[in-house]
Structure formats: C-alpha cells, structure tokens
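Just so it is clear: chains get the letters A, B, ... in the order the sequence lines come, proteins before strands, and each one is counted from 1.
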There are 2 protein chains.
Amino acid sequence: MSSGSKEAGTRQRIVEAADRLFYRQGYEHTSFSDIADAVQISRGNFYYHFRSKDEILDAVIAARLAATGEMLAGWERAADPAARLRSFIHLLFVNRLSIKAHGCPVGTLCGELAKLDHPARQEANELFTLFRAWLAREFARLGRGREADGLALHLLALSQGVATLAHAFDDEALIRRQVRLIEAWLDEQCRAGAREKQSA
Amino acid sequence: MSSGSKEAGTRQRIVEAADRLFYRQGYEHTSFSDIADAVQISRGNFYYHFRSKDEILDAVIAARLAATGEMLAGWERAADPAARLRSFIHLLFVNRLSIKAHGCPVGTLCGELAKLDHPARQEANELFTLFRAWLAREFARLGRGREADGLALHLLALSQGVATLAHAFDDEALIRRQVRLIEAWLDEQCRAGAREKQSA
DNA sequence: CCTTCGCTTGGACGGCCGTCCTAGGAAACT
DNA sequence: AGTTTCCTAGGACGGCCGTCCAAGCGAAGG
C-alpha cells in the first residue's frame, strides 16, 4: 500500500495531515500544533522527521506533484484528445464540493506562496506547469499546434477563475453551470481543430 | 481633496497604507508594525483610530467598495454595452504589472478571507458582487438577458483565472495574450446578442 | 542481561503578534 | 492665564509561533 494513514509511518502521516490542513486553512495559518493535533503526536517529534516547517511544505508539494502526475497519466487512457480534455474539465465537477469549501488546491497554494515570496514558490508552480504542458499537448493533438499553449492557459484560467468564484461565493451550483459553458467552449475548439486538420 | 496621503488625516493614511500592504503581502501576513512603519506612527497610536486589526480591514474594504463603485460609474460613460464590457477587460491590461506582481486585489483578498473564515468575508465578497451585477446588466443590455448572469460569471472567472496564472508565473505577457482571447470571446457574444435582438 | 539505536516526549527558549494603558504634548477655547 | 480636548508616544501584557533540547521509551542485537 502506498497510502492509507492508519498503518503508514509517522513521516507519511505528517505529510498527509499537513497536506489536508494547508489546503483547508492555508500554509501560513496552519501551525505545528494544528498538524500535531491531527496526527496525534507531540510537537517536538516533528523535528526528528523534518528540520523545519518549510521542509514539510516541500514534502507536501512533492507528494502533490507525484499524485498529479499519476492522475494525468491515468487520463491518457481516454480514447481521443477531446475526451482527455474533457476529463480535465470533469475534475472541476468531481471536486466541486471541496472547491466550493476551500478553492483549488493548486491555485490557492501558488497564490499564497507568491504573496509570501516563499522559497518553495517555484516548486509549487510546477503543479501548474504539469497541467499546462499536458493540456497544451492535447490541444496540439487536436490540431491546434500553433495556439496550443494559449488555449491551455485559457482553459487553465477558466478552471482557476471558476474555483476562485465558487470558493468566494460558497456556491456549488456556480461550478455546475460554468462547467457547462466551458464544455461548450471546448466543443467549439474541437470543431475548429477538425476544420484546421481537414484543410491541411 | 478626497485622497492624497501627504496632507490627509492619520486615519486615512493608515487605511491607505493598510490597503497597499494587504494587497502586496496579504492580510494575515501584514502586522501592525508593518503598517506603523509605512505610516511612520507609533504602534500604540492605532488604537486611538481603530479598535482592532479587523476594524482596519473593514475600513479598507469599505474604501475599496467606494472606489470600485466610482470606477464602474465612470465606465457608464462609454457609448454602448460592448464598449463598457471592453473597459472591464481593459482593466486587466491596464493593471497588468501589479497583477503580475500581486494578483487581483479582489480575488486574492476574498480567497484569503475565505480560507481564514474571517468575519469580513461577506463584505469582501461584495466587491465581487459589484462587478458581477454590473457585468450582468451590461450583458442584458446586449440582448443576452436570459444568460446574463452566467456570462457575467464567465467573464469574471476568466479575469480571475488570468490574474491567478499571471501572478503565479510572474508573467506579464500572459495577460496580454489572454486579454486578446477574451476580447475575441466578447466579440462573439456581442454578435450572438445582435442576432438574438434581431430575431426578437 | 545489557547495550545500542530508532523514535518519541514534553517542556524551554527567544521572538513577534495583537492589544491595552498611561503619560505627555499641542492646539482650541474660556 | 488656565483648562479642556484631541491626538500621539512608547512600553507592558499575555499568548502563540517555530525551533531546539535533554531525557525516556521499547525493540533489536550483542
């Protein structure tokens, strides 16, 4: 078993609890006591496993990068680029309850670290880059090679914005409605890609 | 003179400095000492003008609400709904340097207050609501009455997402390119509105 | 049995936080 | 002139923060 917090080692349980708390409360607002309470270990025990709070953050980001990579690899199983892009949008819908409650895990973390000018900022941005590169490749496969990165950023921006608004307004229905608009936009991009392929 | 920090009263200078610092560093990460240093007054002097840090935040939000209201009123001078909507998008372009450096002032504040579950959260959301209602009204005037609120949220989400990504990637050119895509989208909505008006 | 070693404990530390309080100064008014 | 009022200065306070440390635990190995 690679995860599962019951029998996992203390180090992994710390990372899992920190991950959850950083998402729900933000990095700066989460104290060592918060994590210690969640894992049910003493505060001093941290410094056997991690030298500092920043080091926990690094471990959390690394875990998220690994999980994201696996998820993207899983989406590759979809039949065609259009279906793969749809699975990205679908992610918004699947996670709509946690997004409504806590925003997008990637966007809120990168935003906070950018404001704090935190050293781990660049590593966190890699999460965005992972999505950006994956989306751009799928748009290219769709026949939109020239504008692939711009379209990837556009789709990424849409998902980020929807998450931001749903979080602020604490509104789940907003996500459902906007997802439909995004899917319509994507259909249009697919048609445009098909036309461009045909003319080539 | 309604603003101008040189001759302004201490209270107003505190609000202006707090506004700037909350935007650049975030609310929680900004301490009383930070604001005191910026205004060049003693820490204790705060509590003559404000009872608590939350009260400063309330004043900052109120100031932003007033400024936003004035800005939206100014946009009303534009000739037609399409031009007014374009001035919203243009805002993204005009502020691209500060957005790249610190994100959207509205989005980052609402996001932080939501994560902290701060009492002032709803007041901050009013900033979003101001834009949302204004945009929805313009879309309605454009002939898109039925979908006006959805389109308003879509445009708001796009601007939020672009700000989030430009902030994370510290990338100004990203804003310029995405603004062009958003303008193209808006043109399409205008044409759709014209068609709908004609058929009615 | 006794040592060793991986892991844990709980408290001590210096520092910064938001808050509060008292004293003083500079005008304005009597 | 004296008095009142508004504003400011600067330090004291309790509390939580991230960090560090000395001591203790149980299991593995001699």
The side chain of [X] lies closest to which of these nucleotides: [options]?
X	options	result
I41(B)	dT8(D), dC17(D), dA9(D)	dA9(D)
R43(A)	dC7(D), dT19(C), dG11(C)	dG11(C)
F32(B)	dT19(D), dT8(C), dG18(C)	dG18(C)

Using atom [atom1] of [X] as one end and atom [atom2] of [N] as the other, report the distance to the nearest whole Å.
X	N	atom1	atom2	answer
Q40(A)	dC7(C)	CD	P	20 Å
Q12(A)	dC7(C)	CD	P	14 Å
E55(B)	dT19(C)	CD	C1'	13 Å
D34(B)	dG15(C)	CG	P	18 Å
N45(B)	dT22(C)	CG	C1'	14 Å
F50(A)	dG18(D)	CZ	P	15 Å

Working for ring-ring contact (aromatic ring centres under 6.0 Å, His included), residues H154(B) and W185(B): CA-CA 11 Å; H154(B) 195 80; W185(B) 173 84; 5.1 Å; yes
Phosphate OP1/OP2 of [N] contacted by [X] side-chain N/O (<4.0 Å):
X	N	value
S33(B)	dC17(C)	yes
H29(A)	dC17(D)	no
Y47(A)	dC20(D)	no
H49(A)	dG6(C)	no
Y48(A)	dT8(C)	no

Sugar-phosphate only, base, or nothing, as touched by S42(A) at under 4.0 Å among non-hydrogen atoms: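 Base, at least one base heavy atom under 4.0 Å.
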Check against side-chain contact (heavy atoms from CB on, under 4.5 Å), K53(B) and F46(B): CA-CA 9 Å; K53(B) 194 182 176 186; F46(B) 277 102; over 6 Å; no
side-chain contact (heavy atoms from CB on, under 4.5 Å) between L57(A) and H118(A), worked out: CA-CA 10 Å; L57(A) 177 60; H118(A) 192 282; 3.4 Å; yes
Pairing of E28(A) and K115(B) as salt bridge, 4.0 angstrom limit: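 Salt bridge between E28(A) and K115(B), a charged N being under 4.0 Å from a carboxylate O: no.
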